[in-house]
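Down below is the structure, laid out as structure tokens.
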Amino acid sequence: MNKDLVIVESPAKARTVGRFLGSKYEVVASMGHVRDLANTGPGGLGIEIIEEEDGLLSFNPTYTAIIDPRTKKVDSRKKKIVADIRKSANSANTVYLATDADREGEAISWHLLSAAKIDVSKIKRVVFHEITKPAIEDAFANTREIDLNLVDAYQARRMIDKIIGYKGSSVLWKKVKSKISAGRVQSVALKLVVNLEEKIQNFKKVEFWNIEANFRKSKLDEKKGSFYAKLYAIEGYSQKPLVPDESNANEIEKDIKNSEYEVDKIKIEEKIRKPAPPFITSTLQQDASRTLKFSPAQTMNIAQQLYQGLKLGTEGEVGLITYMRTDSTNVSSIFLKETSEYILKNYGDKFLPKTPRKYSKKVKGAQEAHEAIRPTSVFRDPASVKPYLDTDQFKLYDLIWKRMVASQMENTILDSTTVEIVTNSSTSGKKYIFQVIGSVTKFKGFRTLYIEGTDDDDLTVNNDDALPVLTEGEVLKCIEITSEQKFTEPPRRYTEASLIRDLEKAGIGRPSTYATIVKTIQDRGYAVKDKGRFTPTKLGNVVTNFLNQHFNKNIMDVKFTAKIEKQLDDIVEGNTGYNPVLSALYSPFQQALKNAEEADGVKNLFFEQTEIVCQLCERYMLKRDGRNGQFLACSGFPDCRNTMQLAEDGKTAIPKTPPKETDHKCDKCNKTMVIKEGRRGEFLACSGFPKCKNAKPLTLLDSV
DNA sequence: CAGTGAGCGAGCTTCCGCTTGACTT
């Protein structure tokens with residue numbers, strides 16, 4: 001009996017789906033895309049662009065098998081996968097295309113048809129949004145056709161990225177430096193780094209002073225009667241900062257030294273903290289970066305291990321978490337039920353909300369093909385799997401498990417007390433107001449399990465400081481007043497994780513690419529990490545400036561991706577094909593390219609131009625970095641290959657002195673010997689250098 | 001004491017997005 005064939009994208013998913021479907025089905029994985037644009041044709045685009053009679057352009061892509069960038073040949077592993085799929089499809093009655101439920105997934109199914117030459121009459125498209133038995137059964141009961149509008153939206157996206165990326169990179173080679181690149185995603189990522197650095201460099205720090213008083217209740221027998229409050233306002237004075245310098249601080253200290261302090265107002269408020277939604281790729285990367293100090297790449301690596309499965313004692317290989325490349329916070333209803341049970345059993349009904357929490361706030365451009373990142377079973381709590389995981393695997397699993405369970409727990413309730421203490425100076429008559437906020441946890445709720453790591457630019461303090469019991473009108477003793485110099489701080493530089501956070505906010509990049517984006521800007525030499533934070537390099541600045549000048553409406557527009565996504569949605573809705581969308585974009589981009597190519601400077605935007613003139617062709621010399629430090633090279637390179645040594649002042653050239661001829665013949669090759677200058681003075685060298693390496697001391701001349 | 005010098009930059013670059021191992025140290 002022939003088995004029906006089911007094709008998914010990932011092998012781990014194939015295994016799980018296979019288990020649910022049983023032996024009547026063969027489930028295989030495509031391992032992602034199986035075809036891509038060819039690197040043939042003008043500019044290596046793999047796209048033929050034809051002007052139609054109506055003036056519109058038509059874009060005809062050529063797709064080929066995936067090429068391995070190392071060997072430049074067809075990827076042999078992919079080749080085998082496609083061949084195997086072809087074989088299985090041939091013998092199957094029905095081929096279920098079960099690639100991911102998003103734009104790229106639809107495209108993979110579409111590519112599979114031609115790559116594996118699958119008989120169209122055999123195919124059915126199925127989509128799962130979660131890998132649970134009911135979801136899979138439901139999906140098989142509701143098959144459909146391949147959505148060609150979705151495929152066209154993919155084709156538009158693919159061609160836009162290639163046209164912009166390849167043509168944009170080519171301009172950079174001509175104008176700035178070889179081997180570098182531009183792209184819809186990477187160039188904006190770099191721009192964010194460059195913009196932030198500019199802000200930091202232009203930041204003017206402002207001095208201010210904090211004045212703090214240590215108060216105590218008048219009755220000395222009270223325990224814990226001492227607390228600190230900060231000067232918060234001076235009535236009638238609204239200047240910012242409140243205390244600008246030291247003399248001002250001293251003045252205030254003096255002014256209130258001997259005054260009376262009274263509790264003026266007490267405000268008690270109940271504050272609610274809600275748990276964060278379960279992880280998606282970007283939030284997992286951020287939290288793992290903040291709390292575990294994992295890089296996004298490291299996080300994805302470890303998550304992949306947890307996803308693919310680890311041996312758990314008698315259980316055998318088990319996938320511990322759901323898919324780790326996701327932009328959705330959705331959680332299957334089965335798992336929610338499991339989680340409620342777990343919370344009820346282990347924490348009690350106080351910790352369980354009446355109805356399960358729904359997290360539906362969508363990320364910009366989200367495709368929601370998968371669930372949130374969660375444990376596959378809530379009953380495998382961190383302690384129970386610890387013996388089978390290595391340290392890092394455990395840390396990450398622990399984080400994922402806790403975040404998930406916490407997201408379904410009751411709110412944390414805090415009692416926040418704001419106290420204002422007032423004094424009227426008897427010398428100046430000014431009224432000073434001190435303030436302190438005490439916060440006490442009333443009900444710990446989800447924070448029993450998990451507290452989200454705070455962002456680097458977020459200054460929330462988690463104080464659980466109880467204040468002594470105070471009453472309005474109560475007189476306090478002031479034990480000490482201290483003042484401290486402070487300065488406003490510039491924004492902090494990006495970490496890999498916080499850069500990804502800002503890219504995601506703008507809808508730029510996808511869960512599968514976040515980690516590679518931050519790698520690309522480093523690989524290209526655009527940015528370097530110092531203590532884990534990005535600083536743009538000179539090259540990064542030059543490239544960004546150049547691209548900003550010419551491509552502000554497309555490559556360098558932070559909103560460009562979002563605008564494109566809108567048009568892709570139009571294609572999905574069937575309102576337009578991809579040709580009008582590409583056409584509208586192409587002409588202005590071509591114009592921008594032309595302007596950029598005609599702009600001043602011949603590949604010297606990056607290498608510093610000098611006043612020194614080339615003795616051979618009279619063009620200017622450029623300062624370049626070689627293996628052994630800086631040297632001068634003709635700007636006419638490679639037409640003119642003249643080089644000179646840079647003098648120690650870094651500005652002038654060391655003039656080339658032609659070697660002095662002598663009558664002496666080389667005793668090895670019979671060519672004339674010449675006098676050359678070496679590090680240790682003049683010496684006799686064969687003029688046949690570097691072929692003949694013969695060299696003699698100068699004293700040889702005298703002895704003849 | 002023995003050994004110095006020239007050359008260095010330069011190539012088929014590059015995009016984004018979907019997936020994992022296969023090499024080896």
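Because only heavy atoms are used, hydrogens play no part in the values below, and waters and symmetry mates are left out as well, while side chains stay in. What you see is a predicted model, and the numbers here were worked out from it, not measured in a lab. We name chains A, B, ... by the order of the sequence lines, and we start the count at 1 in each one.
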| Across the strands shown, which category fits A:Gly509 at heavy-atom distances under 4.0 angstrom: base, sugar-phosphate, nothing? | sugar-phosphate
| To the nearest Å, how far apart are A:Phe631 CZ and B:dG5 C1'? | 17 Å
| Distance only, no hydrogens: is a donor on one side chain within 3.5 Å (strictly under) of an acceptor on the other, for A:Thr322 and A:Glu371? | no
| Ignoring hydrogens and angles, are the base of B:dC8 and the side chain of A:Gln645 linked by a donor-acceptor pair under 3.5 Å? | yes
| query | Rounding to a whole Å, what distance do you find between A:Tyr526:OH and B:dC15:C1'? | reply | 12 Å
| said: For a quick test of reading the model, state the closest non-hydrogen atom pair linking A:Thr16 to A:Ile131 and the distance between them. | reply: CG2-CG2, 3.7 Å
| message | What contact category does A:Ser169 fall into here, base, sugar-phosphate, or nothing, at under 4.0 angstrom with non-hydrogen atoms? | response | base
| query | B:dT14 P sits how many Å from A:Asp523 CG, rounded? | reply | 10 Å
| Nearest-Å distance for atom pair CD1/C1', residues A:Ile521 and B:dC15 | 16 Å
| said: Heavy atoms only, 4.0 Å cut-off, all strands: where does A:Thr99 land among base, sugar-phosphate and nothing? | reply: nothing
| said: Tell me if the NZ atom of A:Lys519 is crowded by more than 12 foreign heavy atoms within 6.0 Å. | reply: no
| query | If we ignore angles and hydrogens, is there a donor and acceptor under 3.5 Å between the side chains of A:Gln549 and A:Asn545? | reply | no
| field | Sequence-aligned protein contact record of nucleotides 19-25 of chain B, with B where the base is within under 4.0 Å of a protein heavy atom and S where only the sugar-phosphate is | value | BBB----
| Where along residues 153-161 of chain A does a heavy atom fall under 4.0 Å from DNA chain B? | A:Arg157, A:Arg158, A:Asp161
| Residue closer to the 5' end of DNA chain B, A:Gly43 versus A:Thr513 (nearest nucleotide) | A:Gly43
| message | Less than 3.5 Å apart, any donor N or O on the side chain of A:Arg524 or A:Ser181 sitting next to an acceptor on the other? | response | yes
| task | Only counting residues at least two apart or in another chain, list the ones meeting ring pair (Phe, Tyr, Trp, His ring centres under 6.0 Å) with A:Phe560. | result | none
| request: Determine, for A:Lys87 against A:Asp84, whether the closest basic-nitrogen to carboxylate-oxygen distance falls under 4.0 angstrom. | output: no
| task | Determine the Euclidean distance between corresponding P atoms of B:dG17 and B:dG21; express it in Å to zero decimal places. | result | 23 Å
| Contact class for A:Ala107 (heavy atom, under 4.0 Å): base, sugar-phosphate, or nothing? | nothing
| task | Could you verify whether a donor N or O on one side chain and an acceptor N or O on the other, from A:Asn39 and A:Lys162, lie under 3.5 Å apart? | result | yes
| field | d(CG, A:Leu622; P, B:dC8) in whole Å | value | 16 Å
| task | Specify the closest pair of heavy atoms between A:Val558 and A:Ile508, including all atoms of both residues, with the distance to one decimal. | result | O-CD1, 3.5 Å
| field | Interatomic distance where CD belongs to A:Glu565 and C1' belongs to B:dG17 [whole Å] | value | 12 Å
| query | Of the nucleotides B:dT4, B:dT13, B:dT14, which one has an atom closest to the side chain of A:Lys179? | reply | B:dT13
| message | Please tell me if A:Arg184 has a side-chain N or O lying less than 4.0 Å from either OP1 or OP2 of B:dG17. | response | yes
| said: Using whole Å, what does the distance between atom C1' of nucleotide B:dC18 and atom CD1 of A:Ile81 come to? | reply: 12 Å
| message | What's the closest nucleotide to the side chain of A:Thr643 if the choices are B:dG17, B:dG9, B:dC15? | response | B:dG9
| query | For the side chain of A:Ala685, counting heavy atoms from C-beta on, which of B:dC15, B:dG5, B:dC8 is nearest? | reply | B:dG5
| request: Could you work out which one of B:dT13, B:dC16, B:dG5 sits closest to the side chain of A:Ala695? | output: B:dG5
| query | Can you name the one residue among A:Tyr63, A:Tyr154, A:Trp110 that meets ring pair (Phe, Tyr, Trp, His ring centres under 6.0 Å) with A:His33? | reply | A:Tyr154
| field | Of A:Asp147, A:Ile146, A:Asp100, A:Ile7, the residue whose pairing with A:Ser109 passes side chain to side chain contact (heavy atoms under 4.5 Å, CB included) | value | A:Ile146
| Atom-pair distance (CD1 on A:Ile517; P on B:dC15), nearest Å | 12 Å
| task | Identify whether a stacking contact exists between A:Trp173 and B:dT14, where the ring centres must be under 5.5 Å apart and the planes under 30° apart. | result | no
